[in-house]
Amino acid sequence: QVQLVESGGGLVQAGGSLRLSCAASGRALSNYRMGWFRRPPGKAREFVADISRSGGSTDYADSVKGRFTISRDVAKNTVFLQMNNLKSEDTAVYSCAARVRDYYASNRIAYDYWGQGTQVTVSS
C-alpha cells in the first residue's frame, strides 16, 4: 500500500505560479498511474491531470490545459504539478491520487489511494 503526502500549496496572486508535490512512501510510484484532483469551495471534486506509470502519457482538464504541467521523478518517488498563470477559479484543495490500472480515468472513484490535500488560494 502506498501513502501520499502533498505539499506546496499556499496563497498566490492571480498570474502567479506554484508547484505542488506529492511524495510517496510504502511503495514505488512507478507502480501507479498518478492523478491530481481539486475541490473548489462549495463544489465537487474535479479531475485536473494525470500521468502514466512511465511518464510518457499525460492528460489535462480543459480548464488547466496550457497552464498546468504534471510530471514525475522516479528517484524522488514524487509527482509534481506545476501551475502557472493561476486564476481565482483555481482556488481549491488539491489532492494527489494513485491508481493501479494504467489507463486514463478522470473519475475519482477509479483511484485507489489518496493524499490529504493541500490548499491553494489565488487572490485576484
Side-chain angles (χ1 to χ4, degrees):
Q1 190 168 347
V2 64
Q3 292 79 43
L4 305 173
V5 178
E6 302 93 338
S7 62
L11 174 64
V12 62
Q13 289 188 332
S17 299
L18 282 175
R19 188 175 81 154
L20 305 183
S21 299
C22 173
S25 61
R27 291 202 71 190
L29 278 186
S30 56
N31 291 298
Y32 304 96
R33 189 177 191 95
M34 298 299 298
W36 283 96
F37 288 74
R38 65 185 182 187
R39 185 191 296 273
K43 297 183 179 180
R45 186 174 291 178
E46 61 187 30
F47 172 81
V48 176
D50 77 345
I51 187 167
S52 63
R53 289 182 185 177
S54 69
S57 174
T58 58
D59 306 280
Y60 296 93
D62 287 342
S63 59
V64 306
K65 204 171 291 184
R67 300 188 298 123
F68 290 12
T69 303
I70 187 171
S71 62
R72 61 196 307 160
D73 187 320
V74 173
K76 295 182 179 179
N77 213 27
T78 300
V79 173
F80 302 99
L81 185 68
Q82 177 67 44
M83 305 186 296
N84 297 330
N85 190 22
L86 283 160
K87 305 176 181 180
S88 57
E89 51 262 43
D90 294 318
T91 294
V93 175
Y94 284 73
S95 299
C96 66
R99 167 178 164 80
V100 174
R101 296 186 178 186
D102 195 18
Y103 56 87
Y104 167 70
S106 62
N107 194 320
R108 60 182 177 84
I109 66 173
Y111 283 78
D112 305 299
Y113 305 100
W114 290 83
Q116 292 298 310
T118 184
Q119 176 70 47
V120 172
T121 304
V122 184
S123 63
S124 55

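Excluded from the calculations below are hydrogen atoms, water molecules and symmetry mates; all remaining heavy atoms, backbone and side chain alike, are included.
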Are any non-hydrogen side-chain atoms of Cys22 and Met34 less than 4.5 angstrom apart? yes
Checklist line | Basic-acidic side-chain contact under 4.0 Å: Arg39, Glu46 | finding: no
Taken to the nearest 0.5 Å, the spacing of Ser52 OG from Arg99 CZ works out to 12.0 Å
Ser21 and Glu6: CA distance, side-chain angles, deciding distance, side-chain contact (heavy atoms from CB on, under 4.5 Å) verdict: CA-CA 5 Å; Ser21 299; Glu6 302 93 338; over 6 Å; no
**Asked** Any side-chain heavy atom of Gln82 within less than 4.5 Å of one from Asn84?
**Response** yes
TODO: Please check if the side chain of Asn77 supplies one atom and the backbone of Gly26 the other of a donor-acceptor pair under 3.5 Å.
DONE: no
Taken to the nearest 0.5 Å, the spacing of Gln13 CD from Thr121 OG1 works out to 13.0 Å
Looking only at heavy atoms, the pair that brings Asp90 and Arg38 closest together is OD1-NH1, 2.9 Å
Taking every heavy atom of Ala92 against every heavy atom of Gln119, the minimum-distance pair comes out as O-NE2, 3.4 Å
Note: Ser124 and Ser88 closest approach over all heavy atoms is CB-CB, 4.4 Å
Taking C-beta and beyond as the side chain, do Ser17 and Met83 meet within less than 4.5 Å on heavy atoms?
no
Can a donor-acceptor pair be found, under 3.5 Å and without considering hydrogens, that links the side chain of Asp59 to the backbone of Asp50? no
Closest non-hydrogen atoms of Ile51 and Ser71, given as atom of the first, atom of the second and distance, are CD1-CA, 3.7 Å
Under a 4.0 Å N-O cut-off, is there an ion pair linking Asp102 with Arg33? yes
Could you tell me whether Arg45 sits above the aromatic face of Trp114, with NZ or CZ closer than 6.0 angstrom to the six-membered ring centre and within 45 degrees of the axis?
yes
### Query
Do Lys87 and Arg67 have side-chain heavy atoms sitting under 4.5 Å apart?
yes
Check: Hey, is the main chain of Ile70 close enough, under 3.5 Å, to the side chain of Tyr60 for a donor-acceptor pair?
Finding: yes
### Side-chain donor or acceptor of Arg72 paired with backbone N/O of Leu29 under 3.5 Å
yes
Residues Gly117 and Val93: closest non-hydrogen pair is CA-CG1, 4.0 Å
### Message
Does Arg108, at its CZ atom, have more than 12 non-hydrogen atoms belonging to other residues, nucleotides or ligands within less than 6.0 Å?
### Response
no
> Do Tyr111 and Phe37 have ring centroids that are under 6.0 Å from one another?
Replying inline: yes
- Joint hydrophobic cluster, Val74 plus Val79, side-chain heavy atoms closer than 4.5 Å: no
Under a single-linkage definition using a 4.5 Å side-chain heavy-atom cutoff for Ile, Leu, Val, Met, Phe, Trp and Tyr, are Tyr94 and Val122 assigned to the same hydrophobic cluster? yes
Co-membership, hydrophobic cluster, residues Trp36 and Val12, 4.5 Å side-chain:
yes
Residues at least two apart in sequence or cross-chain that pass salt bridge (charged side-chain N to carboxylate O under 4.0 Å, His left out) with Lys43, listed by chain then number, are none
- Is there side-chain contact between Val120 and Leu20, with at least one heavy-atom pair below 4.5 Å? yes
Discussion item. If we ignore hydrogens and angles and just use 3.5 Å, is the side chain of Arg101 paired with the main-chain N or O of Tyr103 as donor and acceptor?
Written reply: no
Between Leu18 and Gly8, the two heavy atoms sitting closest are CD2-O, 3.8 Å
Note, Leu81 side chain near Val48 side chain (heavy atom, < 4.5 Å)
yes
Checklist line | Close side-chain approach of Arg53 to Tyr32, heavy-atom, < 4.5 Å | finding: no
d(Asp73 CG, Phe80 CZ) to nearest 0.5 Å is 5.5 Å
Between Thr78 and Ala23, is there a donor-acceptor pair closer than 3.5 Å when you use the side chain of the first and the backbone of the second? no
